[in-house]
Q: 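Quick one: structure below, then a few questions.
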Amino acid sequence: MSTTDEPPPELQPDHPLRGLGYRDPVRGRPVTLLDGNARHINEAAVVEEVPVAMIYNSQPHAVMMATPADFEDFAVGFSLSEGIVASAKEISKLEVLRYAQGVEVQLTIPDAALARLKDRGRALIGRVGCGLCGVQTIEEALRQPRPVAPGAKIRVDALWRAERELPALQKLNQDTASLHAAAWANDDGLPEIVREDVGRHNALDKVIGALARTGRNPADGFVVITSRASYELVQKAAAVGIRLLAAVSRPTGLAIGLAETSGLTLVALLRGKTASIYAHGERLQ
């Protein structure tokens, strides 16, 4: 049920970024249905969530609650969007380890990157999709990403197509109706990478990781998310050069401000053939 793409040639089974990976994100659970005074025993598809520990050079950094799928994408995307590494090439090894209580992702990064990570302060445990895990100061939380390059125009009809085609690609959500999704679409609006997770930040991180692991340029398309556009989502998108972020719900004021200063086009309330542009509408044609 996963939409995981096949790895490019450089990510063969023995490649350090290939990882183990396993997918068991949905399980059938017994449920009792009430119909007036009557009760009926049935089974429902329920999405799972597990603690995922991010370990850098044997040092714990954050524990995230996430849907148990696409762990490699999640780890690489989290590392990039949180500014832990500047490039996926800085991750020399990635290993996914399963435990009865959850999952541990062990990453090897340069010593300089680890030193910067330690400067952030103590490691934290994050709730579902925490976008600020491991961040101790306001200055670090509100870090300004590098400016997003202008790039080519993006057609409005590409937005309509991406929003229209995304629901059919949310395979896990069709069964559970409890997952967020993020999708990277090409300039024609075709969603090429779709990731689902109980946390909207996690879903975006998984897309970012998939882009990095398949060698694609985030600026060659745009991202659609099935949630509100929070500050952290804009921050993550801008940090890796995504030029347009479109959300099905409204943005926050802080998200709009960051989109304006970073040069990212922020679109919200994307539904059918209607949408609201909150920042840098000049990129749309």
Side-chain angles (χ1 to χ4, degrees), residues 2-5 25 47 49 52 54 62 64-85 88 105 126-135 141 143 145 148 159 162-163 166 169-170 172-173 178-186 191-214 216-252 254-256 258-259 262 264-268 270 278-279:
S2 170
T3 56
T4 301
D5 301 272
V47 66
E49 59 178 327
V52 180
M54 299 292 183
M64 314 291 291
M65 297 303 299
T67 299
D70 306 304
F71 293 120
E72 299 92 344
D73 291 342
F74 183 28
V76 174
F78 178 86
S79 302
L80 289 168
S81 69
E82 292 296 313
I84 296 169
V85 296
V105 184
R127 297 182 178 88
V128 173
C130 171
L132 300 174
C133 293
V135 175
R143 70 184 187 279
V148 176
L159 289 180
E163 191 272 341
L166 178 55
L169 300 174
Q170 295 174 242
L172 303 181
N173 197 58
S178 57
L179 288 156
H180 289 295
W184 183 81
N186 61 26
E192 294 189 0
I193 295 176
V194 178
R195 297 292 182 267
E196 299 175 86
D197 201 278
V198 289
R200 61 186 186 275
H201 304 97
N202 299 345
L204 179 57
D205 277 337
K206 288 179 177 181
V207 166
I208 291 171
L211 287 167
R213 296 178 67 238
T214 54
R216 304 190 207 188
N217 184 356
D220 289 342
F222 60 94
V223 167
V224 177
I225 54 175
T226 61
S227 67
R228 64 184 175 89
S230 64
Y231 175 87
E232 302 97 311
L233 292 177
V234 172
Q235 189 180 57
K236 286 175 179 289
V240 298
I242 293 169
R243 297 182 296 127
L244 184 149
L245 180 68
V248 301
S249 271
R250 297 179 185 272
T252 64
L254 201 57
I256 295 170
L258 179 61
S262 67
L264 178 142
T265 298
L266 181 59
V267 177
L270 175 61
Y278 284 88

Q: Is any side-chain heavy atom of Val85 closer than 4.5 Å to one of Leu80?
A: yes
Q: Nearest 0.5 Å, what's the CZ-CG distance between Arg213 and Asp70?
A: 8.5 Å
Q: side-chain contact (heavy atoms from CB on, under 4.5 Å) with Ala181: which residues, sequence neighbours excluded?
A: Gln170, Glu196, Thr226
Q: Rounded to the nearest 0.5 Å, what's the gap from CG on Leu233 to CD1 on Ile225? Could you check?
A: 4.5 Å
Q: Quick one: side-chain contact (heavy atoms from CB on, under 4.5 Å) partners of Ala279, sequence neighbours excluded?
A: Ala259, Glu260, Leu266
Q: Of all heavy-atom pairs between Ala183 and Val194, which one has the smallest distance, and what is that distance?
A: CB-CG2, 3.9 Å
Q: I need the Ile256 CD1 to Leu264 CG distance, nearest 0.5 Å.
A: 12.0 Å
Q: Would you say the side-chain atoms of Thr67 pair up with the backbone N or O of Val198, donor to acceptor, closer than 3.5 Å?
A: yes
Q: What distance separates Thr265 OG1 from Leu245 CG, expressed to the nearest 0.5 Å?
A: 10.0 Å
Q: Using side-chain contact (heavy atoms from CB on, under 4.5 Å) as the criterion, list what pairs up with Arg228, not counting sequence neighbours.
A: Arg200, Ser230, Ser249, Thr252
Q: Nearest 0.5 Å please: distance from the CZ atom of Arg195 over to the CD1 atom of Ile208.
A: 12.0 Å
Q: Would you indicate whether the side-chain heavy atoms of Asp197 and His180 approach each other to under 4.5 Å?
A: no
Q: Looking at Trp184 and Val207, would you say the former's side chain and the latter's main chain have a donor-acceptor pair under 3.5 Å?
A: no
Q: Applying the side-chain contact (heavy atoms from CB on, under 4.5 Å) criterion to Leu244, which one of Val223, Leu159, Val148, Val224 satisfies it?
A: Leu159
Q: Are the side chain of Arg216 and the backbone N or O of Leu211 linked by a donor-acceptor pair below 3.5 Å?
A: no
Q: Determine the minimum heavy-atom distance between Asn173 and Leu179, stating which atoms define it.
A: OD1-N, 2.9 Å
Q: Taking the side chain from Lys206 and the backbone from Ala69, do they hold a donor-acceptor pair closer than 3.5 Å?
A: yes
Q: Has Asn202 got a side-chain atom pairing as donor or acceptor with Met65's backbone, closer than 3.5 angstrom?
A: yes
Q: Could you check Asp205, Val76, Leu204 and say which one makes a side-chain contact (heavy atoms from CB on, under 4.5 Å) with Ser81?
A: Asp205
Q: Atom CE of Met54 and atom CD1 of Ile84: how far apart are they, to the nearest 0.5 Å?
A: 8.0 Å
